[in-house]
Amino acid sequence: MADPWSYRPATGTIPTEPGVYRFSDATGRVIYVGKAVNLRQRLTSYFADPALLHFRTRTMVRTAANVEWTVVRNELEALQLEYTWIKQHDPRFNVKYRDDKSYPWVAVTWSEEYPRVFVGRGAKRKGTRYFGPYAHAWAIRETLDPLLRAFPMRSCTNGVFRSAAASGRPCLLGYIGKCAAPCVGRIGPDEHRALAQDVCDFLAGRTNSLLRRLERQMQDAAQNLEFEKAAVLRDQLHALRQATDSNAIVLGDGTDADVIALAEDPLEVAVQIFHVRDGRVRGQRAWVADRTDDTDTDGLIETFLLQLYADVDGTEVPPEILVPTVPATAGLIAELLTESRGARVVIRTPRRGDKKTLMETVARNASEALALHKTKRASDLSTRNRALEEIQEALGLPTAPLRIECYDVSHLQGTEIVASMVVFEDGLARKGDYRRFIIRGIDGSNDVAAIHEVITRRFRRLLDEQGDGDEGPMLVDPTTGAARKFAYAPGLVVVDGGAPQVASAAQALYELGITDIPVIGLAKRLEEVWLPGEEFPLILPRTSEGLYLLQRVRDEAHRFAITHHRGRRSASMVESVLDAVPGLGEVRRKTLLKHFGSLKKLRAATPDELSAVPGIGPRLAAAIGEALAGPVPEAVNLTTGEVLDSGTIMGP
C-alpha cells in the first residue's frame, strides 16, 4: 500500500471552492469519489494522523496513489457531478445500494393497439407503463385477478393473441369473463384502451374516482330499467372493491409518498422503502450495502436518494419523500427532483400521527432485513476471504487474487467454436465484465490453439487500453467517458484444461510481453491445478475453500461458453434444415427465427401458428412443417462417447 504523504498535494494548491474529488490507485482506477463545499478543508482531512481516521477511510487513502479534483460553481453542480462519476467509475470504496432481489412490476404495453397487462421483472421498455415494484409476485396476481373481472383488458401473450385472431375463437380468459376478447372483435381498440386506462388508474392509486363513476353508472342503468347492464356494473364494483381491500389503507388523507428508513451498524446499512400511493402501500423494496467509510446517517440518506431517483422517470417521483433524518443537501436534492417531476417535491421527517407510525413500521422492516442479511452473509464473507488466502498461499502469489478471470472453449466436433471469459472479484461473479469470443482462425477441434487465440485477443486489448508507459493507464474512453472493462489486469488467469492449455495460455502472454500475471489450469477429471512448465500438477485438498472457488469459476466459464455455443448452433441448425424448403429465402428464415426464438419452439409450431408469421402462407407453412418433421441431429461427446440430447452442447 502507498504512503498517503507520497501523493499528498500541497495545501496551498487545493482550491477553497466547491468541487468533486477522485482518489485513484496505482493503475489509475478510480476507487473513491466525493464532493465538498470547500475542497481544501475536505481533502486535508484525509491526510491527518492515520490513527484518527476511520478504518475504511485509512484503508482507502493507503490504497490510493493519486488524488484529483474538479471545481464547480455551486453545491448543486457538485451533487450532480458526484453521482455521474460514481455511476461511471463504480469506485470500490463508495457506498453502493443494490437490490437483494429482482422485484416484480405490473406492466401495461400502452404503445400496442390492444394494450396488454402482465407481471414482469427486469429492465423497462419504452412505450410501456410500469407500476410498482412490489414485494411479491403472488400478491400482485391476487390483485389483478379481481381487477380483470372489473376491467377485462387483454392479458395474453402476442402469440396467443395472434392464434386466437387467426382461429376466430377467443382463449379461455374470454370465455370466463376476464378478457373482453378484442382478438375476435368483441370490442374495438378505443373501448379496449378505455379499459386499459381504468386499470392504469387503479394501479396508480386513483381508486376513489373509479368507484364513484361505476356507482353512478350503475344507478343510471337501474333508473333507465337497464337491469342487465346494472348487474354487470354491480359485479364490476364488487370485483374492484375486492382488489381495493387487498391493499390496506395506511394513510387516511390519500397521501402519495415514499417512506424510507435505515438500519445500520459499523459494517453495513439496510434500507427499506414503502411506496404509498393514494394512501395505500403499493410497493416495497429493500437494499443492503457495505459501509466503506465513516459516512454518517445524513450522508447515507443523501447517497441513497441520488441512486434511487437519478435515473427514474419524473412521473415516478412522489410529491413527498419521508426520511428518518433530513440531510443537509435535502434542499438541493428536492430541487433536482422538482425539476424532474415538473411539480414540487418535499423531503421531510414525520413528527407525529399516521406517517410517523408508518415510518416506525418501515424501520422495523429495515432492522429485520439487516439481521437476516448478516445471518446469511456471516459465513459467506469469511469463507470467500479464506478461499482467496488459500489460493494465494498454494500458488505462492505476492497478494490475494482479488480479480480472477477464467477462459473456456466450447464446440461441437470442431464446428461453431466459441470461447468465454468470466470474471470473479473478491470471490463473487462480476457478470458485467463477462465476455464472449467467436474463434475464427482455427479449423477442427484444437482447444490449445483456441486458448492461445482468445488469451492473445483479450490481453492485446489490455495493452491497447492501458496505453504506453508515458501516457499511463487509459481506464476511461476519452471520447465517451465510459470505463474500459478490458483495461483492468487480473490477479490470476484460469483456463479450463490441463498442461497443454496452460502452456498455450502462458505462451500467448509471453509473446505479448506480459510476465507478471500468473496462469493456472484446472483439469475436470481429477480437479488438478496445472502450472506452466511444471511436470506434475498441484493437488489441493478436497475440502479446500480455494479449490471450491476455482471450481465455481471454472464451472461458470463452462456454463457461459455452452450458452453462447447453444445459441449459435441453434441458429445454424435452423438455417441448414430450412435451406431445402422451396420459396423460403433468407429474410423469411430470419423472420421465423425472430418470431419463435428457438429451433425447439419452431419444431413444435402448428401449421396455423406458422401461417400467422408475416410472409408465410398455408402452403409454405406446410412445407416448413414437413422439413422440420425429420429426426433431430445427434450430438456426441467425443470424450465419453455419450449421445447428447438436442439441448446439450459438448464443451472441452
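This structure is a prediction, so every number in the text was calculated from the model and none was measured. Both backbone and side-chain heavy atoms feed into the values below; hydrogens, waters and symmetry mates do not.
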**Prompt:** If you look at every heavy atom in Tyr434 and Glu556, which pair is closest and at what distance?
**Reply:** OH-OE2, 2.9 Å

**Complete:** side chain to side chain contact (heavy atoms under 4.5 Å, CB included) with Val33: of Tyr21, Trp85, Phe23, only one passes, and it is Trp85

**Asked** Got Leu300 and Leu262 here, is their nearest side-chain heavy-atom distance under 4.5 Å?
**Response** yes

**Prompt:** Hey, does Glu405 have a side-chain heavy atom less than 4.5 Å from the side chain of Phe459?
**Reply:** yes

**Request:** Might you confirm whether atom CZ of Arg125 has over 12 heavy atoms from other residues, nucleotides or ligands at distances under 6.0 Å?
**Result:** no

**Item:** Close side-chain approach of Thr329 to Leu305, heavy-atom, < 4.5 Å
**Value:** no

**Message:** Rounded to the nearest 0.5 Å, what separates atom CG in Leu306 from atom CD1 in Ile86?
**Reply:** 8.0 Å

**Message:** For the CG atom of Leu81 and the NZ atom of Lys35, what is their distance to the nearest 0.5 Å?
**Reply:** 11.5 Å

Validation: residues 387-397 side-chain donor-acceptor distances under 3.5 Å, sequence neighbours left out:
| from | atom 1 | to | atom 2 | distance (Å) |
| --- | --- | --- | --- | --- |
| Glu390 | OE1 | Ser544 | OG | 2.8 |
| Glu390 | OE1 | Glu545 | N | 3.0 |
| Glu390 | OE1 | Gly546 | N | 2.9 |
| Gln392 | OE1 | Ala400 | N | 3.3 |
| Gln392 | NE2 | Pro398 | O | 3.4 |

**Message:** As a quick check of understanding, evaluate side-chain contact (heavy atoms from CB on, under 4.5 Å) for Ile321 and Leu337, giving each step before the final call.
**Reply:** CA-CA 10 Å; Ile321 300 172; Leu337 298 181; 3.5 Å; yes

**Asked** Would Phe304 and Tyr309 count as a close aromatic pair, with their ring centres under 6.0 Å?
**Response** no

**Asked** Looking only at side chains, do Asp298 and Thr325 share a donor and an acceptor under 3.5 Å apart?
**Response** yes

**Request:** Starting from the C-alpha separation in whole Å, work towards a yes-or-no answer on side-chain contact (heavy atoms from CB on, under 4.5 Å) for Val418 and Val409.
**Result:** CA-CA 6 Å; Val418 299; Val409 176; over 6 Å; no

**Request:** Decide yes or no for Leu540 and Leu538: does some side-chain heavy atom of the first lie under 4.5 Å from some side-chain heavy atom of the second?
**Result:** yes

Side-chain donor-acceptor contacts of residues 420-428 below 3.5 Å, not counting sequence neighbours, with atom names and distances?
| from | atom 1 | to | atom 2 | distance (Å) |
| --- | --- | --- | --- | --- |
| Ser420 | OG | Ala557 | O | 2.7 |
| Glu425 | OE1 | Arg430 | NH1 | 3.4 |
| Glu425 | OE2 | Arg403 | NH1 | 2.9 |

**Prompt:** Taking it one step at a time, do Val269 and Trp287 satisfy side-chain contact (heavy atoms from CB on, under 4.5 Å)?
**Reply:** CA-CA 8 Å; Val269 56; Trp287 292 260; over 6 Å; no

**Request:** Mind listing the closest non-hydrogen atom pair of Pro518 and Asp516 along with its distance?
**Result:** CD-O, 3.7 Å

**Request:** First locate atom CG of Asn66, then atom OG of Ser24, and finally report the distance between them rounded to the nearest 0.5 Å.
**Result:** 4.5 Å

**Shortest non-hydrogen contact between Glu82 and Gly34, atoms and distance** = OE2-CA, 3.8 Å

**Asked** Is it true that atom CD of Gln41 has more than 12 heavy atoms of other residues, nucleotides or ligands lying nearer than 6.0 Å?
**Response** no

**Fill in**
Interatomic distance, CH2@Trp69 vs CG@Leu39, rounded to 0.5 Å, equals 8.0 Å

**Prompt:** Between Tyr407 and Gln501, does any side-chain donor sit less than 3.5 Å from a side-chain acceptor?
**Reply:** no

**Complete:** d(Arg29 CZ, Arg92 CZ) to nearest 0.5 Å is 8.0 Å

**Fill in**
Ala270 and Leu370 have their tightest heavy-atom pair at CB-CB, 3.7 Å

**Prompt:** Below 4.5 Å, heavy atoms only, C-beta onward: do Arg457 and Ile439 meet side chain to side chain?
**Reply:** yes

**Message:** If we count only N and O atoms by modelled type, under 3.5 Å, do the side chains of Glu511 and Thr456 hold a donor and an acceptor together?
**Reply:** no

**Message:** What's the separation between atom NE2 in His558 and atom CG in Asp496, rounded to the nearest 0.5 Å?
**Reply:** 7.0 Å

**Asked** Taking the side chain as C-beta and beyond, is there a heavy-atom pair between Val259 and Ile273 under 4.5 Å?
**Response** no

**Request:** For residues Tyr7 and Phe47, determine if any side-chain heavy atom of one lies less than 4.5 Å from a side-chain heavy atom of the other.
**Result:** yes

**Prompt:** Looking only at heavy atoms, which two atoms of Val362 and Ile260 are closest? And how far apart?
**Reply:** CG1-C, 4.4 Å

**Message:** Looking at every non-hydrogen atom in both residues, tell me the closest pair between Trp530 and Gly498 and how far apart they are.
**Reply:** CD1-CA, 3.6 Å

**Request:** Before giving the answer on side-chain contact (heavy atoms from CB on, under 4.5 Å), spell out for Leu509 and Ile455 the whole-Å C-alpha distance, their side-chain angles and the decisive distance to 0.1 Å.
**Result:** CA-CA 7 Å; Leu509 291 175; Ile455 294 293; 4.0 Å; yes

**Fill in**
Contacts of Arg364 meeting side chain to side chain donor-acceptor pair (under 3.5 Å) (sequence neighbours excluded), chain-then-number -> Thr361

**Message:** Would you say that Glu453 contacts Ser504 through its side chain, given a criterion of any heavy-atom pair below 4.5 Å between the two side chains?
**Reply:** no

**Item:** With Val495, the side chain to side chain contact (heavy atoms under 4.5 Å, CB included) member among Leu522, Ile451, Asp447
**Value:** Ile451

